[in-house]
Every structure is written in structure tokens, then in C-alpha cells.
Amino acid sequence: MTLAYRDLRYIRVDVDDLDAASGFAAEIFGLQPADRSDRHARFRSDARNYALCYSTAGDGGAVALTVARSEDLDIAAERLKSYEPRRLTGEEAAERQVKAGLAVMAPNGVTVELVWRPLTSGWRYHGPRDAGITGFQAVQLACIDISANEAFWTRGVGAEVSDWAGDAVFLRIDDAHHRIALYPSRRDGLLGATWAVEGINNVMQDWYFLQGRQMPIVHGPGRQPTSGAIFVTTRGPGDILYSYAAETEEGPQIAARGPRQFADGALSHCAWGSPCAVREFMGGDAE
């Protein structure tokens with residue numbers, strides 16, 4: 001049974017202060033404020049109604065993928081039955097702005113939501129500042145048991161491995177090099193999220209902007225050898241990493257060549273050798 005995915009849809013992040021988190025998302029990172037309630041604040045980065053949701057409701061961290069057909073939810077439920085998936089209630093689906101969905105917990109404690117017919121905005125995206133953002137690119141997950149999480153994502157969800165860097169795993173659901181990246185860590189949970197920007201000029205401009213706002217630069221500017229992405233990464237609300245990336249590899253050649261094994265070392269995560277504090281951020285087990 002195969003699953004067809006349309007996109008990586010959204011990430012939900014638990015925060016303590018919606019106002020402070022919203023200030024970062026809009027004023028610092030450059031996302032466009034969207035719908036907001038007493039417990040949720042959503043932000044746009046492209047045509048979808050939202051890509052980032054901050055929550056004080058205690059929903060827990062979540063990553064969502066859009067399935068192509070309603071029957072894909074049935075296929076997913078069967079493939080993931082050993083992980084005890086459940087259907088979203090009508091109220092939960094409405095809160096997430098989707099027609100229907102399935103929720104299942106990955107081995108690292110992050111909820112994965114497979115959703116059908118998510119709401120798309122009819123309005124052009126425009127951020128509060130010109131960060132050059134073109135769309136929601138990828139999510140990174142921290143995993144104590146990397147093998148169990150790789151099995152969940154490949155055998156259960158149906159993602160395919162593009163590359164390994166040491167034990168880190170880069171997983172694709174479409175023509176992009178990866179939408180999900182798993183990193184070995186001493187802790188479980190959401191690690192970070194990446195937004196695509198127009199080009200290297202935007203990466204560098206955003207780097208200077210972050211420095212000017214005295215935001216911590218956790219990694220970069222650099223180039224990821226696996227995906228070819230040029231990136232810069234900071235740390236923000238929800239105690240996760242936020243990255244801008246350009247030139248991420250896409251195309252059918254990724255599947256055609258098969259997954260590659262990169263060495264377990266810092267240069268497999270940045271060919272430019274940029275200083276990296278991700279290892280410390282994750283508890284010492286990843287470059």
C-alpha cells in the first residue's frame with residue numbers, strides 16, 4: 001500500500017508566551033501573521049493558510065503532511081496501526097483548518113498529523129519585512145532512538161531516504177531532497193524548521209539582519225553537502241531552531257541515484273566549515 005503526499009504542511013510549536021513568540025515570527029523571522037485565537041497564533045509563508053502555529057493549549061509539538069486523497073488516510077491508518085493512530089475529531093480538524101486527518105505519535109514523542117484538504121489562502125503572501133521567504137521547506141527532529149524513528153518514517157509514513165550523514169537521516173516525500181531530517185540526540189522532540197528563500201543573497205541578508213537584532217547564530221552561513229542547501233540558523237520560540245535555506249536540491253535524480261552515506265563529521269553538515277552550536281543544543285550527540 002503506497003501513500004501519496006502533496007506537501008509538508010505545517011509545524012505546531014508549544015510556547016509559553018504567544019505575544020513574544022509572535023513578535024519573533026513576524027518582526028524577526030519575517031513570517032506573515034494569520035489567524036489568531038486566545039491559545040493559537042498562526043503564520044503564513046506561502047499560499048497555504050499557515051505553515052507555523054504557536055500554541056499555549058498544551059497540544060504538544062506536531063508536524064503535518066498533506067495526503068493527496070481521502071483514502072490515503074485509511075491506507076495510513078493500516079500502515080501505522082502498530083503505532084496506534086487515531087482520527088482527528090471534527091473539532092480538532094476544524095482547529096487545524098483541515099477537512100479530515102489522522103494523528104499518530106512518532107517514537108520521539110512528536111505528533112505526526114496526516115491531513116486532507118487543508119485550507120489554502122486566496123491572498124498573496126507578504127511578510128512584515130522582505131526576508132525573501134518563498135515557502136515552508138523542511139522540519140528537523142531530535143531522536144534518542146534514531147533507528148526506531150527511521151523505521152517509523154519509512155515503513156509507517158512511507159517517506160524515502162535520500163541520504164545519511166553519520167546516523168542522521170534525510171527523508172523525502174516529493175522531489176525535494178528532504179522534508180524531514182532526523183538527528184541522533186540525547187533528547188527527543190522538535191529540533192527545528194527551515195523556510196526556503198529566493199537565493200544566496202537572501203541568506204546572507206538574513207544573516208546580517210539576525211546579527212543586527214542580536215539573535216544567536218547557531219549554524220551558518222554554510223552549505224549542506226547532502227542537499228546542497230545554503231543556510232543560516234538561529235534559535236527562537238519553543239526552544240527550537242529556525243533556518244533560512246536556498247538552492248536545496250530537487251528533482252527525480254535524487255531517487256534515481258539512491259541514498260548516499262556521508263561521513264559522521266561536522267563537514268558532512270556544512271561543507272564551508274561554519275561554526276556550529278547544534279551539537280551542544282542537542283545534548284552533545286550530533287554535529
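Rounding to the nearest 0.5 Å gives a distance of 10.0 Å between CG of D74 and CZ of R69. Interatomic distance, OG of S121 versus CG of L119, reported as 7.5 Å (0.5 Å rounding). For the atom pair CD1 (I240) and CG (L191), the distance works out to 8.5 Å, reported to the nearest 0.5 Å. Atom OG of residue S185 and atom CD1 of residue I144 lie 7.0 Å apart, to the nearest 0.5 angstrom. Distance check: W207 CH2 to T233 OG1 gives 13.0 Å after rounding to the nearest 0.5 Å. Going from atom CZ of F152 over to atom OG of S82 covers 9.0 Å, rounded to the nearest 0.5 Å.
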Open item on the list: Walk me through whether T194 and Q140 qualify under side chain to side chain donor-acceptor pair (under 3.5 Å).
Closed with: CA-CA 8 Å; T194 299; Q140 299 82 45; 3.0 Å; yes
Open item on the list: Let's go through Q205 and V203 carefully: what are the C-alpha distance in whole Å and the side-chain angles of both, what is the deciding distance for side chain to side chain contact (heavy atoms under 4.5 Å, CB included) to 0.1 Å, and is it a yes or a no?
Closed with: CA-CA 6 Å; Q205 288 166 358; V203 173; over 6 Å; no
TODO: Apply side chain to side chain contact (heavy atoms under 4.5 Å, CB included) to the pair L182 and L171, showing each step before the final yes or no.
DONE: CA-CA 8 Å; L182 311 177; L171 299 160; 3.8 Å; yes
TODO: Could you give me the CA-CA distance, side-chain angles and deciding distance for I133 and F29, then say whether side chain to side chain contact (heavy atoms under 4.5 Å, CB included) is met?
DONE: CA-CA 9 Å; I133 293 171; F29 205 75; 4.2 Å; yes
- [ ] Go through the steps to decide whether V104 and R86 satisfy the test side chain to side chain contact (heavy atoms under 4.5 Å, CB included), and finish with yes or no.
- [x] CA-CA 7 Å; V104 60; R86 67 174 184 84; over 6 Å; no
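Put simply, the side chain of R44 gets close to the backbone of D46: a donor and an acceptor are under 3.5 Å apart. Remark: side-chain polar atoms of E247 are not paired, donor with acceptor, to backbone N or O of I200 under 3.5 angstrom. Here the side chain of N149 pairs a donor or acceptor atom with the backbone of N108 at under 3.5 angstrom. Proximity of a side-chain donor or acceptor of D163 to a complementary backbone N or O of R260 within less than 3.5 Å is detected. Checking side-chain atoms of Y242 against main-chain N and O of P237 turns up a donor-acceptor pair under 3.5 Å. A side-chain donor-acceptor contact under 3.5 Å links R172 to the backbone of V161. Between the side chain of S162 and the backbone N or O of H177, at least one donor-acceptor pair lies under 3.5 Å. Side-chain atoms of Y54 do not come within 3.5 Å of backbone N or O of D16 as any donor-acceptor pair. Not one N or O on the side chain of R9 forms a donor-acceptor pair closer than 3.5 Å with the backbone of L114. Counting only distance, with no hydrogens or angles, the side chain of S22 and the backbone of L18 share a donor-acceptor pair below 3.5 Å.
Counting non-hydrogen atoms of neighbouring residues, nucleotides and ligands closer than 6.0 angstrom, the CD atom of E91 reaches no more than 12 such neighbours. The environment of CZ in R124 is sparse: at most 12 heavy-atom neighbours from other residues, nucleotides or ligands sit within 6.0 Å. Atom CZ of R39 sits in a sparse spot, with 12 or fewer heavy atoms from other residues, nucleotides or ligands closer than 6.0 Å. Within 6.0 Å of atom CD in E84, 12 or fewer heavy atoms from other residues, nucleotides or ligands are found, so the atom counts as exposed in its surroundings. Residue Y208 qualifies as open at atom OH: its count of foreign heavy atoms under 6.0 Å is 12 or below.
Both I180 and Y83 sit in one connected hydrophobic cluster of ILVMFWY residues. Membership requires side-chain heavy atoms under 4.5 Å apart, directly or through other members. One hydrophobic cluster holds both V15 and L190 under the rule that ILVMFWY side chains link at heavy-atom gaps under 4.5 Å. A single hydrophobic cluster is not seen to contain both L8 and V98; linkage of ILVMFWY side chains at heavy-atom distances under 4.5 Å, directly or through other members, places them apart. Cluster membership for V139 and L3, using ILVMFWY side-chain heavy atoms within less than 4.5 angstrom, is shared. Hydrophobic clustering, with ILVMFWY side chains joined whenever heavy atoms are under 4.5 angstrom apart, keeps L52 apart from V115.
Under a 4.0 Å N-O distance rule, the pair E160/R155 does not qualify as a salt bridge. Comment: R87 does not engage E92 in a salt bridge, judged by the lack of any side-chain N to carboxylate O separation of less than 4.0 angstrom. Looking at R79 and D72, no side-chain N of the basic residue comes within less than 4.0 Å of a carboxylate O on the acidic one, giving no salt bridge.
In terms of heavy-atom proximity, L73 sits nearest to A100 at CD1-CB, 4.0 Å. Here the shortest heavy-atom pairing between S268 and F262 reads OG-CB, 3.8 Å. When all heavy atoms of I230 and R223 are compared, the closest pair comes out as CD1-NH2, 3.1 Å. When every heavy atom of H269 is checked against every heavy atom of A165, the shortest pair comes out as CE1-CB, 3.9 Å. Residues V169 and W164 come closest through the heavy atom pair CG2-CD1, 3.8 Å. Nearest approach of A148 to P107, heavy atoms of both residues: O-CG, 3.7 Å.
Using a 4.5 Å cut-off on side-chain heavy atoms (C-beta onward), L88 and R96 make contact. The closest side-chain heavy-atom distance from V232 to I217 is below 4.5 Å. For the pair D174 and R179, the minimum side-chain heavy-atom distance is below 4.5 Å. By the 4.5 Å heavy-atom criterion applied to side chains, L141 and V63 are counted as neighbours. Between D35 and Y50, every side-chain heavy-atom pair lies at or beyond the 4.5 Å cut-off. Looking at M105 and V110, their side chains never come closer than 4.5 Å, going by heavy atoms from C-beta outward. Here the side chains of R42 and Q97 are in contact, with some heavy-atom distance below 4.5 Å. Using a 4.5 Å heavy-atom threshold, the side chains of V218 and T234 count as separate.
Under the 3.5 Å distance criterion, with hydrogens and angles disregarded, a donor-acceptor pair is assigned to the side chains of Q224 and S227. At a cut-off of 3.5 Å, with distance as the only test, no side-chain donor of Y244 or Q137 sits close to an acceptor on the other residue. In this model, a donor atom of one side chain and an acceptor atom of the other lie less than 3.5 Å apart for D59 and H40.
Between F231 and H219, the distance from one ring center to the other falls under 6.0 angstrom.
A salt bridge (charged side-chain N to carboxylate O under 4.0 Å, His left out) check over residues 127-147, counting only residues at least two apart or in different chains, returns the pairs R129-D206. Applying the ring pair (Phe, Tyr, Trp, His ring centres under 6.0 Å) definition to pairs two or more places apart or across chains, those involving residues 101-139 are F136-W195.
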